[in-house]
Every structure is written in structure tokens, then in C-alpha cells.
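This is a predicted model, so every value here is computed, not measured.
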Amino acid sequence: MLQHFFGLLYLLAVSQLLSFTGSHADDECPVQLNPQRVIVKYGGSVSVNCSTSVPHRGLGWEASEGPVPMTRDSLITWRVSELREWGIETSCFINYNKTQCTVNLPVTIYKTPDSVSISTVNHNGPMMERNQYELQCDVLNVAPVQNLTVNWYKGQTLVNQTIFTDTIKTPVNKTSKLLIRPDRADDGAQYWCEAKLELGEEGPQPPPTASSEHLSITVYFKPIINETKLPSIVPVFRGYPVVIVCEAKGNPKPTISWSVNSNNIVYSGTLTITDSTPEDLHCIANSSAGITTRRVKVSIQDISISTGNHIGPMIVGEEYDLQCDVRTVAKSVVVRLYRRQHLVNETIFTDTIKTPGNKTSKHLIRPDRADDGAHYWCEAELELGEGPQPSPKVTSESLNIIVYFKPIINETKLPSIVSVFRGYPLVIVCEAEGNPKPTISWNLSTTEIVYSETLTITDSTPEDLLCIASNSVGITTRHVKVVLKEDYLPLIAGLVAITVAFISVIFIFIYSIYYKTAKMGRYNLKDAKLSPQNGDIAQNGKDNSIPMKKLSQSNILA
């Protein structure tokens, strides 16, 4: 303490002397300092040489701590083993040419902070996304503050810097603040601050630093529903149930529920939907940070078949459009038209539209009578990319067509010429096929019409008849010519009977002659002998014996 006092007196005396004798500017003073500037940690040692190359009458150090008395040497050293005077001023002076000049030695004493800490200002607990918060970095007992830089980091990324311009040399406490507006990406992020003393090239390298602990922040944010996993339009096919997933990120973890209708809430991350599920669904992700909803439209994939602008039965030979209408969200659709089980047309649609749309495939038909009652139906095979495999198929209801056609009279059953014998009535049939079922009538004359499929004709029936088969499609007629014939059958039968009788008489006569000749025969009685054993047997000299009947004389004469 006493040393400091005498040093101050010495400096005062020198300054007074200089005020009378004058002084040279530093750049004109023939002394050199090594080093030319001193940066030393508080309580550290310092050593600086002051030298000259000119003759002089004295060289010395003026200093508020550790002054060095004047000497006639050409080099003098200022040393302090523990420098603790914050506002120290020191200079090297030389007396030459009846004058005295000085060179000041810049001395910077620094002190690293006792502590560096980070905190949130007026807030505790989790932060809400997009709200503004203030972080504070407290640096205690650091000097010199004009060389202090506070760096703010998020993780390893520098996000802000604070530079101080105060000229005070003694240790002070300094505070740096940082405004943040965290988002969900900042959840779990670590903020920290660093106090760095930038003391220049003469200072310690690397510059001395002190860092705070890491402040890990928790950010609460409103749920975010994964729209990739839950599209806004979900196609549903008959017979193909679909499980949809509502997945949401949020802090805190959200609760997932489905609003199927006003009275039905399902608490689950998944939902199975079918073609009977309501068209509009809502996924609800709920947490203390907020509520997020996503609307899902159930698109019933359907296909229908119609006859375009035609209503009612079709007429044979005319042209009609069969139309397959598909309601789908598939990017690629193959529409097929079948008649019964046979493919008759195929149309391929490809587009990039993601919203439900109608696709129409048309096919021109010209029905004939064989098509009456035939059923047509449509099938749509849908390509959904990552959807169900194999690709789902949607089938329409069957369209049964009714074909009207003009009556066709069965000519086999109704010949064009009909013969009738006098006195023998004949029933003829006019049978016709048609749709709708035709009405049958007979035109006997300009005034006489008989409504019946059958007609009894006699010898009094007109020679020309007309069968008329009519329906809503048209009229078909068949001309029948009646030929009246006489009945010669009884005469022919009589002639046949007479002929047969005559032939029978001739036959009987011939047969009787033959019988008498072949059956009665002639006998020779010459040399006939009566057998003693059998008096009625005659022998003709042969082995065969012929029975003979004994005849009386009267028989012989006869």
C-alpha cells in the first residue's frame, strides 16, 4: 500500500516536471516497448521491457503498481508477479536532450466469468407452439465487458450474438436476452449460451470462453394428422371392407376418435368402412394444445348399366346404346360389357384425377328376337396402385332387355292351300310368334272377321282366306286358298268291294278243283288182295299198305 502511495507521488512529480519541461509525443520518443501491449489475466504476472539506442540521462518506468526507478542503462524491465489493479496506468520515460518523453503501455486485465447460466423469463413448463418466449443468459463477474460477446446456440447452431460497448474495466454482471417463437420442430431442442472474451491477437488463443448448461425446451403443439395415411377420399367397393388409419403427431400425445355421425363416436386410431358406412366421416385428434380434424369422404365405387336415353322395350332391327356408368377415384379403370357370360365390349380409362368422377362406356347394339330376355351387365376393374390386390372389381346389376318384334306366322301349321271335301268340315290353325303376343284374326270377307287362332272351314267357306297376326310392332298376314273337293270315297269303296268279291269267287272255284284233284286222287284195284289180318286193307304189291274201305256193289256201280 505504501508502495502505491509513493508511486502516485512519483507520477505526480514527473507530470509536473513535464508540464514545465515539455514532452515529446510517443511516436517521437526514442524508446521501444516489448511487448507493445499487455493483456493479462487478473492476478497474473506481467513483464515488459523498455529499451533505447540513444544516449540519455535516465530511463525508467512510471506505474501505479510496480514502478521501476530511473536508470542509466539502455534497457529496463517492468515486472508485476500478481497484477490486480484494474485501472493500472504505466509508461516508460527517457530523459535526453534536456527533455523527457514517455511511451504509454496499454494494459488490459481480463477476468473470465464466475458463472454463465441460462433460464426462461417469467415462464415455467412446456412452451406452446408459435407463442413468444424470452430466454436469458446471465454472465457474472466478467471483465472487461467491452470485449465480451455472448453467443446463443440451438444445438450446435449459432442463432444470435450480443456485443457490449461499455468501457468499464472492472468486473461486472451482464445479461443477454433472446426472443424465440418455437415450433413443433423445436420440441426437445437444447438452447445454451456462451460468454467469450475477444481480446485480440495479443490475447490468449483461443479466446477464453465459459458456457451455460443446456436448456432443453418442451414444445406443446396442436395435433397434425398424417394426410398421407389418411386421404381425403377413400374408395369403397362392394365386398371389399377397407381399414383406414388416422395417425396424428402432437405434444402432448393426442387422443384419436372418429365422428361417424352425430350419435356415433368411435375412439380408435383405425376404422373399418364398408359400402354401408356414411359418406362423410371426421377424424378428430385432440390434445391440450388444440384440436385438429380431417374430413374423409367415403366414395362408393359403383357401376350401373342403362339404355342411355331409351326407356321401355326395344324393337328388333333398331339401334340402341348400352351405357356403363362408373363412379370411381381409380386412376385406371377397365370397363367391360357382358351379354350373359360373353364379353362384348371393353373400354380402358386412364387419367390422374384424384376426385370422384363418372366414366361412361357406350356400346351400340341392334337386338334381334333372340335377344328378348337377354341380360347385359357391366364390370369395372379398378387399378388403385397400392390398394388391395388383386384389383377389386365392381359389378353392376343385370339389365334384362325386352325385344318387341313383328308377328311371325307358323307356315308349317298353316299351309297356303287347304283342301276340303264336301260334307267334311276341316279345322285349320293360325299360330304366330311375336312380342308382344299377337292377336290372331281371320278375314273371311270385307265384312266378316273372326278373332280366333282356329277356323272351321266347310264347303261354304269363301275360297280366299286371310290370317292376320297383329301386335304393337306390326301386322303379318298369310293368304290361305280353300280348294273344295268332291267325296268319291263311297264309290271307290263299292268298286273295291265288288272287285274283292269277284276275286274271292274265282279263288274258291280254283281251290275246289285243286282239292278234288290233289286230295281225292285215283286208285288201281288190279291184283288187290285182302289181308287176312285186315280185311279192309288192300295190298298193291308194295310195302306201303293202303287202307281200303269195303265197298258194296251199289257203291261200285255208282
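- The backbone N or O of Ala185 sits less than 3.5 Å from a side-chain atom of Asp183, completing a donor-acceptor pair.
- Under the 4.0 Å criterion applied to side-chain N and carboxylate O atoms, Lys222 and Glu129 are not assigned as salt-bridge partners.
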(request) Evaluate the criterion side chain to side chain donor-acceptor pair (under 3.5 Å) for residue pair His479 and Asp464; output intermediate values, then yes/no. (result) CA-CA 7 Å; His479 178 260; Asp464 291 313; 3.0 Å; yes

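- Panel note: side chain Arg181, backbone Arg130; a donor-acceptor pair is recorded below 3.5 Å.
- In terms of modelled atom types and a separation under 3.5 Å, the side chain of Asn435 and the main chain of Val403 share a donor-acceptor contact.
- Judged by distance alone, with hydrogens and angles left aside, the side-chain atoms of Asp371 form no donor-acceptor pair with the main-chain N or O of Ala374 at under 3.5 Å.
- Scanning for side-chain contact (heavy atoms from CB on, under 4.5 Å) contacts around Pro252 gives Tyr220, Ser287, Ser288, with sequence neighbours left out.
- A salt bridge links Lys481 with Glu463; the closest basic N to acidic carboxylate O contact falls under 4.0 Å.
- Judged by distance alone, with hydrogens and angles left aside, the side-chain atoms of Asp275 form no donor-acceptor pair with the main-chain N or O of Val236 at under 3.5 Å.
- Between Lys359 and Asp325 there is no salt bridge, since no side-chain N of the basic residue sits under 4.0 Å from a carboxylate O of the acidic one.
- Counting heavy atoms from C-beta outward, Tyr133 and Met128 have side chains that approach closer than 4.5 Å.
- In terms of modelled atom types and a separation under 3.5 Å, the side chain of Arg294 and the main chain of Leu230 share a donor-acceptor contact.
- Rounding to the nearest 0.5 Å gives a distance of 9.0 Å between OG1 of Thr454 and CD1 of Ile428.
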